[in-house]
Amino acid sequence: MNNLDLLRNISDQEWNNLQNSPSPVIYIGTATCGKAAGADQVLSTIQQYLTSHNKEVRIIEVGCVGLCYLEPIVDIQLPGSARVSYGNITGERLMKILTATLENNIHLPQYAIGAFYDTPPDDQPKIPDIWQHPMLKPQTRIVLRNCGIIDPHQLSHYLAKDGFLAFEKALQIGADEILNEIKKSGLRGRGGAGFPTYKKWEICRCMPDQEKYFIINGDEGDPGAFMNRSLLEGDPFAVLEGMLISAYVIGANKGYIYIRAEYPLAIKRLNNAIQRLKQVGLIGENILDSGFNFNVTIYEGAGAFVCGEETALIASIEGKRGMPRPRPPFPAVCGLFGKPTVINNVETVGTIPNIIRNGSSWYLNYGNPENPGTKTFSLAGKVKRTGLIEVPLGTSLRTIIFDIGGGTQKPFKAVQTGGPSGGCLSEQHLDLPVGYESLRSAGSIMGSGGLIVLDNETCIVDLAHYFLKFTQKESCGKCAPCRLGTTHMVHILDRIKTGAGTPTDIDNLVQLSDTIQKTSLCGLGQTAPNPVGTTINYFYQEYFQHIENHFCPAGVCGGLFDLKIIAEKCSGCRVCVTVCPVGAIQGERRRPHLIENDLCTHCKACVNVCRFDAIIPIPVPTSSPTASINLSKSL
Amino acid sequence: MNSPTQSNDIYLDIFKKFRGCQQDLIPILQKVQEKFGYIHTNSIHEISKYTGVSENEIYGVASFYSMFRFHQPGRNLIRICLGTACHVQGAPLLVDEITNILGIQPGQTTPDGKFELEQVACLGCCALSPVLQVNQEIYSKVNTARIKEILELYE
């Protein structure tokens, strides 16, 4: 029996003791999303409560289970019963739950999200099985299997969940067999491009160099994406196990994890995990007596979107400006410090231990032949249930948005996939199975997995402008098409947004998009026009309204709309009258109200509070001074 | 706070963890900014002496990354997230509101040195958008009405 087996035995015991703890156990989600929702405050309230009531209760910090809209989430496990999850814990509710569970030994089903039953309950339990929750039921959790379940600080928890079995197996069966397994599994890069993972490995493995590097790309620069952050915060050991296996296959002895500095908690938890693995000899020299040496360094990014591109990332680690260079040579041949280097995304690496442990044929059960396996998505925007999800590839956008996400409050308009390099897909694409090729054929990309849902209060032109402005700002400036082309596109969109656009602007945008796509040096430029291309294709009418009618139908672009109260819908509740900061709304109780457009600043505070959807944007009358002022400003 | 113009042990203390090659440049700059709050010309001079990388190149690298700033920041750093989710949930209105209250644009510091306003691409809390961060504290689902309340918490 080696050290790891011993450690695993102890870990199993520890985990079992925790599950069968004779005293209550409280689990609290303290990933960044939990903290943002106030988990730290909840934690200190619980601690105060325990001290003042003299209770011996173990508190365990876990990652994010993905139900971000219910944060802060606290799970309470009473002796002899299943762990019950409570969401939206506010001060008063927290006290009620603590009193009920810790004093009276009962749960409060009215506040519970669900319970983690060992075996699915047969009859209708008072507290439903958490995995039957509408947001979790359609999901298949492979990479995220431990997130929100185990303590990311404890190696023992990860070991108890079959941790490092895959790495041990890898050492036994050897690098060639692992490479073959990954090849058979059909795993493709989860960073967005979808390049077969085994190919990068194979090229690098064949290089004769002594010195090779393995880099994890955790730059996650896409605004609106947080999959990597959640995984690193919730299950850092899984990512490190995947890294060890990958490095072993390609023959690298040195690894880097490149993380953006905006993720301090992920960095902290990963650092802790690395230290722990060093202590038990899973990182360092002669790991598990296999003769394999491996060391890891965390590299904090300094804030440049383009560093998500492989060659720019390498330049950044080398201490230079993060500018991409032409490929070939590919990094697998000539990468970091001129040595063969493989760069994989956090999620790709996190998937590897699962494939090795369960075998490639198991992995092929999920997804479809071209796109096997699962993919995580961050679901955000105007959807009811926001959070982090994992579904088999091939799942339709409709399932993701309406079944998992619960649909939108206001009418659905579009879904934006792939961040600034992706596009906006409309209602007609809802039945599209999510996959690398299917999304590309619709003009968007899968990207790293950001899904932003938009409703009819989002202006498509404004969104296209937002993304172009982003890529223009983040363009490194090395090649002219990207540097100048995106700037010019932003100018045109600026014009359209202020109502000064002309019909030729659309043609110019299309032509510029084509040139930038074909001639840019790296992926940033090649995909930068996607948001504009897809929106022109699928939402042409909205561009047309801005240009021809000087009207923003979503009521976003300043100066291109007035607000009007529909008399038939208005109940006369006076809520909007009280919130209007400039006193522009008049009206008596139970009588339809009126907006004085001369006073209105279009802050839309009234739209946000109206429960009857009675306030809508209307075109500005042509004689109105606001429109002409805005026009002259932009000209 | 320590002054970046002192040429003494402070720098040696920062540098001793590094070997002093180009590869260490960005981590050194990060540590220097952590210590002084910004990158001063004297800091660039000291880093150049230690690493052997020219001052021009150091400035070139530092100015490429949005993280590094070259002026003394305010006592409290407001970072407003302009990620996609925050954008569609009205983050631009929050920027306007802060600008109204404090009289500064993103990238500027209030004359009394109390606040510094910065825009960031994404804080990764998209599910709770719109979010803003003041120093280490993250505020989620913020609306314009709450901005004043939040700012009043800081000295």
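Side chains included, hydrogens not; waters and symmetry mates left out as well; all remaining heavy atoms used. Protein chains get the first letters and strands the later ones, always in sequence-line order, with residue 1 at the start of each.
There is no contact between A:Ser378 and chain B, counting heavy-atom distances below 4.5 Å. Neither the backbone nor the side chain of A:Asp40 comes within contact range of chain B, judged by heavy atoms closer than 4.5 Å. Looking at B:Gln22, the atoms closer than 4.5 Å to chain A (heavy atoms on both sides) sit in the backbone and in the side chain alike. In this structure, chain B has heavy atoms under 4.5 Å from both the backbone and the side chain of A:Ala37. The part of A:Ala225 that comes within reach of chain B is its backbone (N, CA, C, O), which places non-hydrogen atoms under 4.5 angstrom from that chain. If you measure heavy-atom distances from A:Arg260 to chain B, the contacts under 4.5 Å come from the side chain alone. Contact annotation for B:Val131: neither backbone nor side-chain heavy atoms come within less than 4.5 Å of a heavy atom of chain A.
In this structure, A:Lys382 and B:Gln89 have side chains that are in contact, with non-hydrogen atoms separated by less than 4.5 Å. The closest side-chain heavy-atom distance from A:Leu463 to B:Thr84 is below 4.5 Å. Side-chain contact between B:Ile26 and A:Ser316 is present, with heavy atoms from C-beta onward closer than 4.5 Å.
Heavy-atom contacts from other residues, nucleotides or ligands closer than 6.0 Å to NZ of B:Lys31 number 12 or fewer. More than 12 non-hydrogen atoms from other residues, nucleotides or ligands lie less than 6.0 angstrom from NZ of A:Lys384. Taking a 6.0 Å sphere around CD of B:Glu55, one finds it holds more than 12 heavy atoms contributed by other residues, nucleotides or ligands.
For A:Tyr263 against B:Leu123, the heavy-atom pair with the smallest separation is CE2-O, 4.0 Å. Of all heavy-atom pairs spanning B:Val61 and A:Gly319, the tightest one is CG2-O, 3.7 Å. Taking each heavy atom of A:Gly387 and B:Ala127 in turn, the nearest pair found is N-CB, 3.9 Å. What you find for B:Ser63 and A:Arg321 is that their closest heavy atoms are OG-NH1, 4.0 Å. Nearest heavy-atom pair, A:Gly381 versus B:Ala85, reported as atom, atom and distance to 0.1 Å: N-CB, 4.2 Å. The two residues A:Cys603 and B:Leu93 make their nearest non-hydrogen contact at O-CD1, 4.3 Å.
For the atom pair A:Glu220 CD and B:Cys122 SG, the distance stands at 7.5 Å (nearest 0.5 Å).
Put simply, of B:Leu82, B:Val120, B:Asp24, the one with the most heavy-atom pairs under 4.5 Å next to chain A is B:Leu82. Ranked by non-hydrogen atom pairs under 4.5 Å with chain B, the options A:Ser230, A:Cys68, A:Ala36 are led by A:Ala36. Residue with the most contacts toward chain A among B:His87, B:Arg79, B:Glu57, B:Gln30: B:His87 (heavy-atom pairs, distance under 4.5 Å).
For residues 468-475 of chain A, heavy-atom neighbours of chain B at less than 4.5 Å comprise A:Phe470, sorted by residue number. Residue-level contacts of residues 298-307 of chain A with chain B, in order of numbering, are A:Tyr299, A:Glu300, A:Gly301, A:Ala302, A:Gly303, A:Ala304, A:Val306, A:Cys307; threshold 4.5 Å between heavy atoms.
Between the side chain of B:Tyr65 and the main chain of A:Gly322, a donor-acceptor pair closer than 3.5 Å is present.
Residues forming a ring pair (Phe, Tyr, Trp, His ring centres under 6.0 Å) with B:Phe18 (at least two apart in sequence, or on another chain): none.
Listed by first and then second residue, the side chain to side chain donor-acceptor pair (under 3.5 Å) pairs involving residues 137-149 of chain B are B:Tyr139-B:Tyr154 (not counting sequence neighbours).
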Side chain to side chain contact (heavy atoms under 4.5 Å, CB included) assessment of A:Thr386 paired with B:Cys126: CA-CA 8 Å; A:Thr386 54; B:Cys126 316; over 6 Å; no

